[in-house]
Amino acid sequence: MAREADYGFIRIRASDGGEADVYTSPGSIMINRFTWGGILDIVAELVERLEAVILLPEGVAILGTAEGRSHLPVELRAGAVVVDLSGANIQGVIESV
């Protein structure tokens with residue numbers, strides 16, 4: 001009998017008191033119910049260390065380097081946004097979508 005992959009859940013808290021729910025599964029991490037500020041700084045560091053991509057529900061991908069664009073599916077490349085990864089820059093992209 002095949003088993004579904006185990007999914008993990010944690011709640012993280014930043015030094016400024018902000019919180020977020022984090023769900024993990026093989027190959028992905030989903031962060032929701034987050035606050036602006038320190039949580040997005042943690043997200044920025046995580047994305048940078050993992051050389052990952054932030055994919056917003058609107059289909060916009062946030063990248064830390066332009067080279068990452070070539071790893072995206074073709075339909076996401078044109079709308080991808082490259083930023084210096086910081087919480088403030090991620091927040092700026094989210095607010096602009």
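Just so we're clear, the structure is a prediction, and the values are computed from it rather than from any experiment.
Listed for the R11 side chain is no donor-acceptor partner under 3.5 Å among the backbone atoms of V22. Counting only distance, with no hydrogens or angles, the side chain of N89 and the backbone of V83 share no donor-acceptor pair below 3.5 Å. Here the side chain of D21 pairs no donor or acceptor atom with the backbone of N32 at under 3.5 angstrom. Although no hydrogens or angles enter the test, the distance criterion places no donor-acceptor pair under 3.5 Å between the side chain of R33 and the main chain of A20.
In plain terms, the two heavy atoms of E67 and H71 that are nearest each other are O-CD2, 3.8 Å. Annotation for A61 and V53: closest pair CB-CG1, 3.8 Å, computed over non-hydrogen atoms. Closest heavy-atom contact between A14 and G38: CB-C, 3.6 Å.
Hydrophobic clustering, with ILVMFWY side chains joined whenever heavy atoms are under 4.5 angstrom apart, groups V97 together with I62. Follow the hydrophobic side-chain contacts under 4.5 Å out from V93 and you reach I39 in the same cluster. Tracing side-chain contacts under 4.5 Å through hydrophobic residues (I, L, V, M, F, W, Y), one reaches L50 starting from L85; they form part of the same cluster. One hydrophobic cluster, built from ILVMFWY side chains closer than 4.5 Å, cannot hold both V82 and L56; they sit in different ones.
You'll find the side chain of V43 reaches within 4.5 Å of the side chain of I31, heavy atoms only. Put simply, the side chain of I90 does not reach to within 4.5 Å of the side chain of V47, judged on heavy atoms. Looking only at side-chain heavy atoms (C-beta outward), F34 and I94 come within less than 4.5 Å of each other. Counting only heavy atoms from C-beta outward, the side chains of I29 and L46 approach each other to under 4.5 Å. Side-chain atoms of L63 and R69, non-hydrogen and from C-beta on, do get closer than 4.5 Å to each other. Between L55 and L76 the shortest side-chain heavy-atom distance falls below 4.5 Å.
Atoms OG and CD, from S86 and E45 in turn, are 12.5 Å apart once rounded to the nearest 0.5 Å. Between the CZ atom of R77 and the OG atom of S70 there is a distance of 6.5 Å, given to the nearest 0.5 Å.
Pairs of residues two or more places apart, or lying in two chains, that qualify as ring-ring contact (aromatic ring centres under 6.0 Å, His included) and include a residue from residues 9-33 are F9-Y23.
Surrounding CZ of R13 are at most 12 heavy atoms belonging to other residues, nucleotides or ligands under 6.0 Å away. Under a cut-off of 6.0 angstrom, the local environment of CD in E19 is crowded, with over 12 non-hydrogen atoms contributed by other residues, nucleotides or ligands.
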### Task
Would you sort out whether L40 and I42 count as a side-chain contact (heavy atoms from CB on, under 4.5 Å), showing the intermediate values?
CA-CA 5 Å; L40 288 181; I42 293 170; over 6 Å; no
